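Keep in mind it's a predicted model, so treat the numbers as computed, not measured. The sequence lines fix the lettering, A, B, ..., with proteins before strands; numbering per chain opens at 1.
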Number of protein chains: 2
Amino acid sequence: MAAAKTHHHGNLREALVEAGIALLSEGGPGALTLRKAAARAGVSHAAPAHHFDGLPGLLAEIALRGFEMFHAHLDQRCRAETSDDPFAQLMAANSAYVEFARCHRALFQLMFVEVEHSTPPLRLAAVRCYGVLQEKCRPLCGDRDPAAFESAVWALTHGYVALGMAEPRPNAPAQVPSYETLLRMLVRPEGEPAR
Amino acid sequence: MAAAKTHHHGNLREALVEAGIALLSEGGPGALTLRKAAARAGVSHAAPAHHFDGLPGLLAEIALRGFEMFHAHLDQRCRAETSDDPFAQLMAANSAYVEFARCHRALFQLMFVEVEHSTPPLRLAAVRCYGVLQEKCRPLCGDRDPAAFESAVWALTHGYVALGMAEPRPNAPAQVPSYETLLRMLVRPEGEPAR
DNA sequence: GCACCGAACTTTACACTGTCAATTACACGG
DNA sequence: CCGTGTAATTGACAGTGTAAAGTTCGGTGC
């Protein structure tokens, strides 16, 4: 708010990031442009240069924001899971993962493939997200190496999402099983809730 | 060869695809440009329009070629695996998967995220690649639903690769376990080669 | 042999992108 | 009230994809 009628924007950095995310969610990747973001924030096309290191800088900043949103989403869905069954807890986190990717396609893709700057805060935000899944994996790990088990769950989840978004869908659309089925396959040996 | 000195290229379509792949492997994504590909093929910048539906068309064609290379690579590595142990067979296919992605980063990314046209032959080529893994999964499926097991293996593998290429590496570089460890975790319940 | 036709390619032009340099408007400290 | 520096503007440039018009050539009908 505030920011009077001066040609100073107030806090442009923030506005540009939000404009970028909006563009991304409205028009997919490729709709995100320095100039369009600047226009949407109400400034001239060269203004962003004073706040980011060019387009890659803006992308990195948007990715950072994306990981923060991602973490918030994971966290919220985990808290919302009332059951204290370890599998239900893990499932809450991971279905939140899938849900976020579906709900923020372009942003998700940007976060995981299109960023090339990778500042320390960005890495940190990503690690925090990993931490959520890590925590939920622990109780189901059993006698396996925790790091390996976490990585497997993480890879399974991310791969499920990535393949689900890929355009030349390798497996026919109808026969793609639910995510839960896949996760159970990885966890089963220990938990045995079976049903 | 041949193609005389006429201003006709002979078969430009092919040359453009190969030029595109070369650009991709030399300068990563973003180095691939209609104009650069045209220049490398020795034609003017507007020539590609007569062979592809613009840039998306070229991308789709390159992706198709990518999947064909992918399939050839998977197939070759499978044949090269002398052991008839089912796990060794599956491992051969999947390590070929990982290897291909590492060896053709930009092309791999293009194949799985940057293509938006998705012609029928492209889908078919992708399905053929899926078929290789599918076949190797069957013997290790056990009492599980085959489709679910295949999908899990596929997702695990693809996720492992995708996360390995992602820039803001979510898990610290040192602690990332070998792919084989992850795959064993998914397969174990049946095979029990254990070591 | 020759005119013609259509496909392959070139030339030209345009809108749009990221980035840079020069310039202006403004808040603030002396 | 005047500098000074930050935030923004304007203008320019090279490069991008794409569309339209022009050119060159291989082949076909006569």
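Nucleic acid contact for A:Pro48: none, since no nucleic acid atom lies under 4.0 Å from a heavy atom of the residue.
To the nearest angstrom, P of D:dT6 lies 18 Å from CG of A:Asn11. Rounded to an integer number of Å, the gap from CZ of A:Phe52 to P of C:dG18 is 13 Å. Atom CG of B:Leu55 is separated from atom C1' of D:dT16 by 9 Å (rounded to the nearest Å). Atom CG of A:Leu34 and atom P of D:dT9 are 14 Å apart (whole Å). Following rounding to the nearest Å, A:His50 (NE2) and D:dG5 (P) show an atom-to-atom distance of 16 Å. Following rounding to the nearest Å, B:Arg13 (CZ) and C:dA7 (P) show an atom-to-atom distance of 16 Å.
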What N/O pairs connect the protein and nucleotides 12-16 of chain C at under 3.5 Å? Give each pair on its own line.
residue	atom	partner	partner atom	Å
C:dT12	O4	B:His45	NE2	2.9

Show me the donor-acceptor pairs within less than 3.5 Å that the side chains of residues 117-126 of chain B make with the rest of the protein, sequence neighbours left out.
residue	atom	partner	partner atom	Å
B:His117	NE2	B:Asp53	OD2	3.2
B:Ser118	OG	B:Arg123	NH1	3.0
B:Thr119	OG1	B:Leu122	N	3.4
B:Arg123	NH1	B:Ser118	O	2.9

Could you list the donor-acceptor pairs under 3.5 angstrom formed by side chains in residues 55-71 of chain B, with sequence neighbours left out?
residue	atom	partner	partner atom	Å
B:Glu61	OE1	B:Arg13	NH2	3.0
B:Glu61	OE2	B:Arg13	NH2	3.3
B:Arg65	NH1	B:Glu14	OE2	3.2
B:Arg65	NH2	B:Glu14	OE1	3.3
B:Arg65	NH2	B:Glu14	OE2	2.3
B:His71	NE2	B:Arg128	NH2	3.1

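Interatomic distance, CG of A:Leu140 versus CD of A:Glu150, reported as 11.5 Å (0.5 Å rounding).
Contacts of A:Ala88 classified as side-chain contact (heavy atoms from CB on, under 4.5 Å), with partners at least two apart in sequence or in another chain: A:Glu81, A:Ser83, A:Asp85. Qualifying ring-ring contact (aromatic ring centres under 6.0 Å, His included) partners for B:Phe52, counting only residues two or more places apart in sequence or in other chains: none. Partners of A:Pro139 under the side-chain contact (heavy atoms from CB on, under 4.5 Å) rule, at least two apart in sequence or in another chain, are A:Pro86.
In terms of phosphate contacts, B:His51 brings a side-chain nitrogen or oxygen within less than 4.0 Å of OP1 or OP2 of C:dC9.
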